[in-house]
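Residue numbers count from 1 along this sequence.
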Amino acid sequence: MPVPVIDVLKLPAENGKLLSACEGLGCFRVVNHRIPTELQREMKDAVRSLFDLPDAIKELNTDVIAGSGYVGPTKVNPLYEASGLYNAADPADVDAFCSLLHASSRHREIIKTYASKLHELIADIASKLAESLGLGDYSFKDWPCQFRINKYNFTEETVGSSGVQLHTDSGFLTVLQEDESVGGLELMDRSGAFVAVNPVPGSFLVNLGDVAKAWSNGRVHNVKHRVQCKQPTPRVSIALFLLSPKDGKVDPPHAFVDSSHPRLYQTFTYEDYRKLRFSSGSHAGEALDLLTTNQAPTVA
Ligand SMILES: O=C(O)CCC(=O)C(=O)O
Ligand SMILES: [Fe+2]
């Protein structure tokens with residue numbers, strides 16, 4: 001199944017196409033998103049230089065929530081490193097990240113512009129998704145929005161091995177700027193087969209996470225995905241994750257619950273859900289099954 005392409009300028013006329021992408025694969029590509037290609041290119045250059053910093057500097061970026069700061073290679077993902085910040089919607093967070101990593105004034109300007117424009121884009125895509133589900137005027141602007149840069153240290157020796165293990169994203173919605181030339185991302189389709197995603201420079205890839213599945217009362221799909229090393233070339237990607245409502249509480253809007261669509265999941269907070277994912281060792285959405293309404297409450 002190819003990844004559906006959503007032309008932002010054709011919404012809301014093509015809401016049906018957006019909805020079936022969310023209900024089916026749980027992933028789509030956006031074009032005509034108004035983010036300048038030049039900014040995407042400049043941001044990629046800035047990100048590459050942040051990864052070239054000495055480890056001692058990269059490690060100064062400690063977590064605000066689990067996984068928001070620098071993550072070096074681990075046993076499970078030995079080729080992968082990442083860095084980021086908790087909330088791209090907060091200019092102070094973006095500034096603090098740039099200061100910690102001694103970003104040049106040029107890089108600071110690029111990173112700040114990118115974070116602000118991408119935050120606007122992700123909130124806009126989320127509102128369009130809500131609209132396609134029948135909720136007009138639903139704003140996601142105050143939802144925290146994690147920002148992460150990913151690097152995969154791929155070489156001749158690592159071709160065929162895993163870049164990042166199979167997972168779902170735990171939040172609501174992810175917007176990804178792929179590496180423009182190095183592929184390796186694979187989505188799992190509804191039959192359980194892996195679909196390789198070939199990069200399309202200039203576009204963004206959007207995928208839905210666990211919070212989207214719970215918030216939509218099971219309507220949209222939290223796509224499982226992984227990164228494989230297929231080429232002996234380092235790979236860099238940039239992700240924004242719209243996480244959960246500002247107060248952290250995940251509840252479906254009333255419009256999604258009625259007698260023919262009984263409520264599927266208990267109310268939970270994003271923070272508790274992240275803890276449950278870690279403590280249960282389930283990174284591919286299985287932790288949601290522990291929160292269905294037909295069991296005793298697992299999280300407060
Ligand atoms: O690098 C990629 O293509 C995917 C990254 C990813 O899945 C993530 O950051 O959650
Ligand atoms: Fe992911």
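The shortest non-hydrogen separation linking Cys145 to Ile122 is SG-CG2, 3.9 Å.
Aromatic ring centres of Phe204 and His33 lie closer together than 6.0 Å. A ring-centre distance under 6.0 Å is not found for Tyr270 and Trp215.
A cation-pi arrangement is present between Arg226 and Phe194 under the rule of less than 6.0 angstrom and at most 45 degrees off the ring axis.
Enclosure of atom CD in Glu156 is not indicated, since only 12 or fewer non-hydrogen atoms of other residues, nucleotides or ligands lie within 6.0 angstrom.
With 3.5 Å as the limit, one finds a donor-acceptor pair spanning the side chains of Ser203 and Arg29. Counting only N and O atoms by type, the side chains of Thr158 and Tyr152 include no donor and acceptor under 3.5 Å apart. A donor and an acceptor atom, one from each side chain of Arg277 and Ser170, are nowhere located under 3.5 Å apart. A side-chain N or O of Asp169 and one of Asn207 form a donor-acceptor pair less than 3.5 Å apart. For the residue pair Thr155/Glu157, the side-chain donor-acceptor check at 3.5 Å is satisfied.
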Take Leu208 and Asn222 through the test side chain to side chain contact (heavy atoms under 4.5 Å, CB included) and record every step on the way to the result.
-> CA-CA 5 Å; Leu208 301 179; Asn222 50 344; 5.6 Å; no
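Aromatic ring pairs are classed by plane angle as parallel below 30°, tilted from 30° to 60° and perpendicular above 60°; the pair Phe278 and His283 is perpendicular.
Salt-bridge check for Glu120 with Lys117: failed, with every basic side-chain N at 4.0 Å or more from each acidic carboxylate O.
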